[in-house]
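Below is one structure, written out as structure tokens; comments come after it.
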Amino acid sequence: MAEHVYICDVAKHEGKDVTIKGWLYNKRDKGRLQFLILRDGTGFMQAVAFKGDLSEEEFEAARRVTQESSVIARGTVRADKRAPGGYELSLNHFEIVQLTQDYPITPKEHGIDFLMDRRHLWLRSQKQWAIMRVRATVIRAIRDWLDDHGFLLVDAPILTPAACEGTTTLFETEYFGQKAYLSQSGQLYNEATIMAFGRTYCFGPTFRAEKSKTRRHLIEFWMVEPEMAYADLEDCMRIEEEFVSYIVQRTLTERQQELEILERDTSKLEQISPPFPRITYNEALEILRQHGEELPWGEDFGAPHETILASQFEKPIFVHRYPAQCKAFYMEADPEDPRLSLSVDLLAPEGYGEIIGGGQRTASLELLEQRIQEHNLPREALEWYLDLRRYGSVPHAGFGLGIERTVTWICGLHHIRQTIPFPRTLGRIYP
RNA sequence: UCCUCGGUAGCUCAAUCGGUAGAGCGGCCGGCUGUUAACCGGUUGGUUGUUGGUUCGAGUCCAGCCCGAGGAGCCA
């Protein structure tokens, strides 16, 4: 029996007999000549069955095999320009493990509802396969960069005791007779862990019970949240631009094939390197005004505003110093203008919108207590958080990067829902 | 939650003024030794989302409900 190899490695076996174990992705029937497109999880490859090269039984199996049947194929690896990927397998053995009947996702067009109901099967399709592999690389790049830059992974809990950031956008559950909520951010816990470890990050799922119904929202999504002690707004922006540039460049290097499958114009991504342009909220308002979008001071930007702002630049842009009223209670006040917060969002280019939100956190106990009151937050539930300002408070900053929004941008997709294996969107929790 | 659009064959869609429900793809049968969404011939395929109403007659008109999509708000 020829050696079992993975499709991603076939180039190393040119001229040799190998065995591929996988599934039939597609087939083109030319009579005595069958072109079989195989996939095995690591890639896609064309196999060719000539009637004369196989036993009658085996050729009949190659002629009868249906889409997504599980198959074992043996043959000689040959370089051939006509084959997608440059290599093909000249079959001398072919075996069906299970013959699939009526696979629902055909190689033609389908609607999004149909595909999402069959997400467990749709993941086998080439584009979905490519997206998931980009996602894995983005996550790997995130962890590698943070681990290599002095950040310690210290994860935050998912079950939390109170609506710390206020709002009614939390999923409520029950914790042995007590109300509990699914985490919508590890932020506050990170502020505790940096006082123990200096620089930390948490990385996990977060949940928003918002009835959001747009191409940039998921109910359950993944977020990485780095936090730094003895850091200010400037440090935060410097880290963010290094971090994001690394993620993009590493994906470009390691996932060329996948980005090609996704037909991504990578020239736009190649330009992503520090420094990123920085504009203040007030400057952003002025840019919007010049484009006929008058926005009253103190309002947050909507999706169309973000698109206008980002379209002025080739790289992601920082918008910093938002009015305190449109940011979370824990943002530090700008010493030059207390109406402003030392906050910063990073907007991705090409209309992909906000991928990072963050900034400098309040170090002052007094200001924090005042903000908690203004926001009508339950002070008892935040006592532990106030402790962080009582015992060795320092200037500190951090941010949260949305994994799926980042993958949407890097892959050049129209909608966020394809960037997570099993999306939770408004009205969908199946499969 | 609000606004807009939609639901017809397994899939993607068409159906004129209210008058016999149709095509491509898929499936099945046959042909073809270099296909790239292969191609060619044949064939199969329907409770028109649902409930009620108007009408001689409803896929088509009206009302309610269900489901979905696009967008808004909110956010990463």
Taking the C1' atom in each of rC17(B) and rU1(B), what is the distance between them to the nearest angstrom? 40 Å

Is it true that R250(A) and E254(A) make a salt bridge, defined as a side-chain N closer than 4.0 Å to a carboxylate O? yes

Do any side-chain nitrogens or oxygens of K213(A) fall under 4.0 Å of OP1 or OP2 in rA69(B)? yes

Rounded distance (Å) that lies between atom P of rA37(B) and atom NE2 of H110(A): 15 Å

Residues K127(A) and E258(A) bridged, charged N to O under 4.0 Å: no

In a check of side-chain hydrogen bond (donor to acceptor under 3.5 Å, both in side chains) between R321(A) and each of D334(A), D337(A), T280(A), which one passes? D334(A)

Same-atom distance (P) from rA37(B) to rC62(B), integer angstrom: 43 Å

Across the strands shown, which category fits N26(A) at heavy-atom distances under 4.0 angstrom: base, sugar-phosphate, nothing? sugar-phosphate

Atom pair distance, as rounded to whole Å: CG in L426(A) and P in rU1(B): 9 Å

Within the 4.0 Å heavy-atom criterion, would you say F221(A) contacts the bases, only the backbone, or no part of the nucleic acid? base

N or O in side chain of R32(A) less than 4.0 angstrom from rU33(B) OP1/OP2: yes

Give me the distance, rounded to whole Å, that separates rU47(B) from rG31(B) when you measure between the C1' atoms they each carry. 39 Å

Strictly below 4.0 Å, heavy-atom distances to any atom of RNA chain B: list the hits from residues 337-360 of chain A, or just say none. E354(A), I355(A), I356(A), G357(A)

What class does the angle between the rings of Y281(A) and Y322(A) fall in, given that below 30° is parallel, 30 to 60° is tilted and above 60° is perpendicular? tilted

Quick one: does R405(A) reach the base of rC75(B) with a side-chain donor-acceptor pair under 3.5 Å? yes

Compute both the distance and the angle, then confirm whether K315(A) meets the cation-pi test with F276(A): under 6.0 Å from the six-membered ring centre, within 45 degrees of the axis. no

Would you mind classifying the nucleic acid contact of S212(A) as base, sugar-phosphate or nothing, using non-hydrogen atoms under 4.0 angstrom? base

Tell me whether the guanidinium CZ or amine NZ of R428(A) lies under 6.0 angstrom from the six-membered ring centre of Y430(A) and within 45° of its axis. no

Specify the separation, in whole Å, of atom CD1 of I112(A) and atom C1' of rG68(B). 11 Å

With a non-hydrogen cut-off below 4.0 angstrom, is R118(A) in contact with a base, only sugar-phosphate, or nothing? nothing

Would you indicate, yes or no, if rU1(B) has its OP1 or OP2 atom less than 4.0 angstrom from a side-chain nitrogen or oxygen of K211(A)? yes

E225(A) near the nucleic acid: base, sugar-phosphate alone, or nothing, with a heavy-atom cut-off under 4.0 Å? nothing

hbond_proxy E88(A) side chain to rG34(B) base (donor-acceptor, 3.5 Å cutoff): yes

Taking for each residue the nucleotide of RNA chain B with the nearest heavy atom, is it D300(A) or R417(A) whose nucleotide lies nearer the 5' end? R417(A)

Contact list for RNA chain B against residues 40-67 of chain A - heavy-atom distance below 4.0 Å: Q46(A), F50(A), R64(A)

For W145(A) and F151(A), take the angle between the two ring planes, folded into 0 to 90°, and tell me which bin it lands in: parallel under 30, tilted 30 to 60, perpendicular over 60. tilted

Nucleotide rA76(B), atom P - distance to CD1 of I416(A) in whole Å: 12 Å

Do any pairs count as a ring-ring contact (aromatic ring centres under 6.0 Å, His included) and have a residue in residues 205-225 of chain A, sequence neighbours left out, and if so which ones? F203(A)-W222(A)

May I ask you to decide whether R143(A) forms a salt bridge with D148(A), counting only side-chain N to carboxylate O separations under 4.0 Å? no

Who pairs with rC61(B) - Watson-Crick or G-U, where each distance is under 3.5 Å: rG53(B)

Suppose you measure atom C1' in rA72(B) against the same atom in rG27(B); what distance do you get, rounded to whole Å? 43 Å

Assign each of T106(A) and D29(A) to its nearest nucleotide of RNA chain B by heavy atoms, then name whichever residue's nucleotide is nearer the 5' end. T106(A)

Among E191(A), E332(A), Q360(A), R361(A), find the residue that satisfies the side-chain hydrogen bond (donor to acceptor under 3.5 Å, both in side chains) test when tested with H396(A). E191(A)

Please confirm whether the shortest side-chain N or O distance from H415(A) to OP1 or OP2 of rG70(B) is below 4.0 Å. yes

Separation of the C1' atoms in rA15(B) and rG24(B), to the nearest angstrom: 15 Å

Find the distance L36(A):CG to rU35(B):C1' and express it as a whole number of Å. 11 Å

Within this structure, what is the NZ-to-C1' distance between K27(A) and rA37(B), rounded to whole angstrom? 16 Å

Should K30(A) be listed as having a side-chain N or O under 4.0 Å from OP1 or OP2 of rU35(B)? no

Name the nucleic acid region contacted by P104(A), choosing base, sugar-phosphate or nothing; use a 4.0 angstrom heavy-atom cut-off, strictly under. nothing

SB check R135(A) E404(A) (cutoff 4.0 Å): yes

So which nucleotide from rA69(B), rA72(B), rU35(B) ends up closest to the side chain of F35(A)? rU35(B)

Electrostatic pair E234(A):R278(A) at N-O distance under 4.0 angstrom: yes

Let me know the distance between CD of E68(A) and P of rG27(B), rounded to the nearest Å. 13 Å

For rA23(B), give the paired nucleotide (Watson-Crick: N1-N3 plus N6-O4 or O6-N4; G-U: N1-O2 and O6-N3; both under 3.5 Å), or none. rU12(B)

Base paired to rU4(B) (Watson-Crick or G-U; both N/O distances under 3.5 angstrom): rA69(B)

